[in-house]
Number of protein chains: 2
Amino acid sequence: MAQTSRAKPEKMARLDADAWMAAAFDALAQGGIDAVRVEPLAKALDITKGSFYWHFADRRALLEAMLGAWTEGRIAAIREQAMTRGAPEMVLGDLADLYTRHANLRGLTIELAIRSLARTDDAAARAVRRVDRERLRHVGALFGALGWPAAQAQERAILFYSYLFGQSLLDPKAVPAAARDEAIRALIAAP
Amino acid sequence: MAQTSRAKPEKMARLDADAWMAAAFDALAQGGIDAVRVEPLAKALDITKGSFYWHFADRRALLEAMLGAWTEGRIAAIREQAMTRGAPEMVLGDLADLYTRHANLRGLTIELAIRSLARTDDAAARAVRRVDRERLRHVGALFGALGWPAAQAQERAILFYSYLFGQSLLDPKAVPAAARDEAIRALIAAP
DNA sequence: ACCTGAACACCGTTCAAGT
DNA sequence: ACCTGAACACCGTTCAAGT
């Protein structure tokens with residue numbers, strides 16, 4: 001995926017669009033959307049900012065390329081998940097871990113920054129819509145496999161993602177691990 | 001509260017810090033944190049940007065004043081809520097409405113922008129922490145009054161806010177009103 | 001095919017001077 | 001007590017010229 005972490009690159013004579021995107025995702029994860037700016041990125045890549053405009057029309061085009069890469073990465077990830085043939089409780093538990101364990105802090109931060117953007121930016125809103133549709137369909141199917149009738153399975157899928165995102169918006173100190181695990185256990189429980 | 005909506009002010013000879021803050025909250029609600037910038041605000045207020053620096057040391061000071069105003073406003077609101085002597089189900093239902101009905105779209109957007117900032121900004125993280133502590137205490141007490149033992153009442157309070165915030169991060173089209181109402185009903189149900 | 005360097009516009013910041 | 005206007009630095013954007 002495009003937002004894989006990487007060490008600050010040593011000076012390279014030539015870059016491609018992916019190198020700019022990787023640096024941009026780094027900046028997004030570390031400083032929010034406000035940190036995704038051409039000149040700071042050029043400085044981080046040790047190249048002139050003028051060269052940015054060979055790869056992208058402007059800052060807006062970079063943002064849209066990032067949204068595209070993020071959308072495709074998330075959809076590919078959920079489809080891969082859908083392939084795994086584990087017990088639905090296990091798959092759901094793994095998904096919950098993705099949003100609550102530290103291992104994916106970077107991915108979570110990027111996702112929340114994009115969802116925040118989506119409140120005022122149409123392209124970001126479209127990206128979120130596509131990802132949500134795919135995820136809710138997949139997770140809804142998992143709850144169906146757990147034994148919930150279709151309508152409740154969809155409600156549970158919404159509840160599941162709502163809880164995971166919402167929890168990550170609260171002050172971490174306000175959410176004891178035990179309360180979080182108990183909530184997830186209850187969400188995943190078979191009917 | 002500082003973030004009350006107001007019509008674009010006609011040209012006034014003199015402004016105070018509150019006028020700048022009001023314009024800043026307008027910008028925050030409409031364009032996100034990236035839109036809270038000195039020169040655009042000056043343009044909206046029809047005044048020179050130089051005058052901004054009479055009221056605030058710099059853009060950062062404006063952001064921190066906004067965080068302070070937001071924190072105080074939210075804490076005052078929750079304390080006022082705590083005074084109302086209605087049935088806990090009713091009070092919780094009203095709170096849920098605040099985060100899901102359109103009437104408070106502006107307040108919700110501002111809150112989500114601040115929570116997004118809090119992921120990369122310490123002052124914003126502190127503001128969120130103070131507000132969360134106050135709200136979770138209040139809502140935890142309401143669940144206690146509903147009949148939940150203290151530990152579960154706290155878990156429910158966390159679940160309650162997590163769901164409300166999380167739901168507002170999903171694509172609105174993905175969350176049918178019926179699913180949302182059903183989830184809130186289940187959250188508020190007595191044990 | 002990709003980058004540099006210089007130019008210009010825009011916005012954050014400072015400050016002396018105005019009222 | 002609050003604002004203007006000019007100055008300067010920083011960053012987005014353009015583009016002719018380099019490799």
Side-chain angles (χ1 to χ4, degrees), chain A residues 2 6 8-67 69 113 117 120-124, chain B residues 2 6 8-67 69 113 117 120-124:
Chain A
R6 58 174 71 181
K8 177 183 285 197
E10 64 286 2
K11 182 179 194 136
M12 310 186 240
R14 307 268 135 157
L15 297 174
D16 53 14
D18 281 347
W20 284 96
M21 296 246 292
F25 276 113
D26 283 347
L28 182 61
Q30 281 164 34
I33 194 69
D34 219 16
V36 180
R37 316 197 84 81
V38 178
E39 179 157 282
L41 291 179
K43 227 166 254 169
L45 289 168
D46 196 17
I47 204 164
T48 61
K49 59 187 171 165
S51 70
F52 170 84
Y53 292 91
W54 174 260
H55 302 287
F56 300 94
D58 51 23
R59 179 177 181 255
R60 180 72 209 166
L62 170 64
L63 289 179
E64 299 201 352
M66 292 171 76
L67 290 172
L117 228 203
T120 55
D121 183 303
D122 283 347
Chain B
R6 58 174 70 180
K8 177 182 284 198
E10 65 286 3
K11 184 182 194 129
M12 309 186 241
R14 308 267 133 156
L15 297 173
D16 53 14
D18 280 348
W20 283 97
M21 297 245 293
F25 275 113
D26 282 347
L28 182 62
Q30 280 165 35
I33 194 70
D34 219 16
V36 181
R37 315 197 86 81
V38 179
E39 179 155 282
L41 291 180
K43 227 165 255 168
L45 290 168
D46 195 15
I47 204 165
T48 62
K49 59 186 171 165
S51 70
F52 171 84
Y53 292 91
W54 174 260
H55 301 287
F56 300 95
D58 51 22
R59 177 177 183 255
R60 180 73 208 164
L62 169 64
L63 289 179
E64 299 201 352
M66 292 171 76
L67 290 172
L117 229 204
T120 55
D121 182 303
D122 283 346

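Keep in mind the model is a prediction, meaning the values are calculated, not measured. Each chain gets a letter, A, B and so on, in the order its sequence line appears, and its residues count up from 1.
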Watson-Crick and G-U pairing of DNA chain C written in dot-bracket, each distance under 3.5 angstrom, with | for inter-strand partners:
||.|||||...|||||.||
Check: [Y] and [X] side chains under 4.5 Å, non-hydrogen atoms:
X	Y	answer
B:Met21	B:Leu41	no
A:Met66	A:Leu28	yes
A:Val38	A:Asp58	no
A:His55	A:Leu62	no

Integer-rounded Å distance: [N] [atom2] and [X] [atom1]:
X	N	atom1	atom2	answer
B:Glu39	C:dC11	CD	P	5 Å
A:Ile47	C:dC3	CD1	P	4 Å
B:Asp34	C:dC10	CG	C1'	14 Å
B:Lys43	C:dC10	NZ	P	8 Å

List the atom of B:Thr120, the atom of A:Ala29, and the distance in Å for their closest heavy-atom pair.
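Scanning both residues, the minimum pair turns out to be CG2-O, 4.3 Å.
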Sequence neighbours left out, what pairs pass ring pair (Phe, Tyr, Trp, His ring centres under 6.0 Å) with at least one residue falling in residues 28-53 of chain B?
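For residues 28-53 of chain B: B:Trp20-B:Phe52, B:Phe52-B:Phe56.
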Consider the side chain of A:Arg37, meaning its heavy atoms from C-beta on, and name the nucleotide among D:dA1, D:dC11, C:dC3 that approaches it most closely.
D:dC11
Choose from C:dG12, D:dC11, D:dC3 the nucleotide whose nearest atom is closest to any side-chain atom of A:Pro40.
D:dC11
Would you say A:Arg59's side chain and A:Val36's backbone share a donor-acceptor pair under 3.5 angstrom?
yes
Strictly under 4.0 angstrom, non-hydrogen atoms only: write out the protein contact profile of nucleotides 13-19 of chain D, one letter per nucleotide from the 5' end, B, S or -.
BB-----
Inter-residue atom distance B:Ile33.CD1 - B:Asp121.CG, 0.5 Å rounding:
8.0 Å
Is there a side-chain contact between B:His55 and the phosphate of D:dA1, meaning an N or O under 4.0 Å from OP1 or OP2?
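It does not, given that no N or O in the side chain of B:His55 lies less than 4.0 Å from OP1 or OP2 of D:dA1.
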